[in-house]
Amino acid sequence: MTTYYEVKISAENQEQADKILNSLLEKKLVTGGQFIKSPARFLWKGSIQDMDYVTITSYTTESHRAAVIKDVKKTSQEEVPMITFVAPDYLNDELRNWIDETLA
């Protein structure tokens, strides 16, 4: 049985988000992506940092998980790219079928 994930990936700006997502799409590692842009505040090396940030959200499967991580680490300019995978409690059949067809 296939394990499906919603994946979230950080990017410092839209240019980086485009580069990361395009690389993943070219390799058919994710289905596509939404860009969520918002201000962000976080601790970095002991200081509070404010910046505009972009989060890419997409879907992938367990079979592509390691390759997504490797590609993001290679493509991202962030020292610590944030990559998270969450297995949804439920995916409707149409979404599951689309993921399977897209990543085949």
Side-chain angles (χ1 to χ4, degrees):
M1 179 177 216
T2 301
T3 301
Y4 298 90
Y5 292 107
E6 180 179 15
V7 59
K8 293 182 182 179
I9 303 162
S10 65
E12 291 182 346
N13 54 51
Q14 187 63 52
E15 181 181 343
Q16 270 299 298
D18 288 335
K19 184 177 178 183
I20 292 166
L21 183 56
N22 287 341
S23 181
L24 294 169
L25 288 171
E26 288 169 5
K27 296 172 180 76
K28 289 185 154 186
L29 298 176
V30 298
T31 58
Q34 294 176 322
F35 298 116
I36 302 169
K37 298 179 188 180
S38 64
R41 179 173 295 137
F42 52 90
L43 287 171
W44 180 249
K45 297 186 178 183
S47 299
I48 296 173
Q49 301 292 314
D50 286 298
M51 66 187 307
D52 289 327
Y53 223 69
V54 180
T55 300
I56 304 162
T57 64
S58 190
Y59 289 97
T60 195
T61 60
E62 179 64 40
S63 62
H64 295 307
R65 187 175 170 177
V68 168
I69 294 167
K70 182 178 178 179
D71 195 69
V72 171
K73 286 182 177 182
K74 178 182 171 188
T75 308
S76 176
Q77 291 183 349
E78 292 183 283
E79 189 175 332
V80 181
M82 293 180 277
I83 311 162
T84 61
F85 297 85
V86 177
D89 290 337
Y90 172 79
L91 289 177
N92 60 313
D93 291 339
E94 296 84 359
L95 177 56
R96 186 179 294 112
N97 292 338
W98 176 67
I99 294 169
D100 290 340
E101 291 169 10
T102 302
L103 301 181

Does [X] belong to the same Ile/Leu/Val/Met/Phe/Trp/Tyr cluster as [Y], with side-chain heavy atoms less than 4.5 Å apart forming each link?
{"X": "L24", "Y": "I36", "value": "no"}
{"X": "V30", "Y": "L91", "value": "no"}
{"X": "V80", "Y": "V72", "value": "no"}

Please report the interatomic distance [atom1]([X]) to [atom2]([Y]), rounded to the nearest 0.5 Å.
{"X": "L21", "Y": "S58", "atom1": "CG", "atom2": "OG", "result": "6.5 Å"}
{"X": "T55", "Y": "I9", "atom1": "OG1", "atom2": "CD1", "result": "10.0 Å"}
{"X": "I56", "Y": "M82", "atom1": "CD1", "atom2": "CE", "result": "11.0 Å"}
{"X": "T84", "Y": "K8", "atom1": "OG1", "atom2": "NZ", "result": "6.0 Å"}
{"X": "E79", "Y": "K45", "atom1": "CD", "atom2": "NZ", "result": "4.0 Å"}
{"X": "E12", "Y": "Q77", "atom1": "CD", "atom2": "CD", "result": "7.0 Å"}

Inset, instruction - Can you run down the salt bridge (charged side-chain N to carboxylate O under 4.0 Å, His left out) pairs that involve residues 50-61, sequence neighbours left out, and say none if there aren't any? - result: R41-D50

Legend entry - By side-chain hydrogen bond (donor to acceptor under 3.5 Å, both in side chains) - contacts of Y59 (at least two apart): none

Legend entry - Partner residues of E15 under the side-chain hydrogen bond (donor to acceptor under 3.5 Å, both in side chains) criterion, sequence neighbours left out: none

Side-chain atoms of residues 97-104: list all donor-acceptor pairs with protein atoms under 3.5 Å, sequence neighbours left out, distances to 0.1 Å.
residue: N97; atom: ND2; partner: D93; partner atom: O; Å: 3.2
residue: W98; atom: NE1; partner: T102; partner atom: OG1; Å: 3.2
residue: D100; atom: OD1; partner: Y4; partner atom: OH; Å: 2.8
residue: D100; atom: OD2; partner: Y4; partner atom: OH; Å: 2.9
residue: T102; atom: OG1; partner: W98; partner atom: O; Å: 2.7

Inset, instruction - Identify, with sequence neighbours excluded, every residue that meets salt bridge (charged side-chain N to carboxylate O under 4.0 Å, His left out) alongside K74. - result: none

Inset, instruction - Inspect the surroundings of NZ in K27 and state if more than 12 heavy atoms from other residues, nucleotides or ligands are less than 6.0 Å away. - result: yes

Inset, instruction - Could you tell me which non-hydrogen atom of P88 sits nearest to which non-hydrogen atom of E6, and how far apart they are? - result: CD-N, 4.1 Å

Legend entry - Side chains of D18 and Q14, donor plus acceptor under 3.5 Å: yes

Inset, instruction - Give a yes-or-no answer on whether the side chains of K19 and S23 include a donor-acceptor pair shorter than 3.5 Å. - result: no

Legend entry - Among I83, I20, L29, side chain to side chain contact (heavy atoms under 4.5 Å, CB included) partner for D71: L29

Legend entry - Which residues share a side-chain contact (heavy atoms from CB on, under 4.5 Å) with E62, sequence neighbours left out: T3, Y5, R65

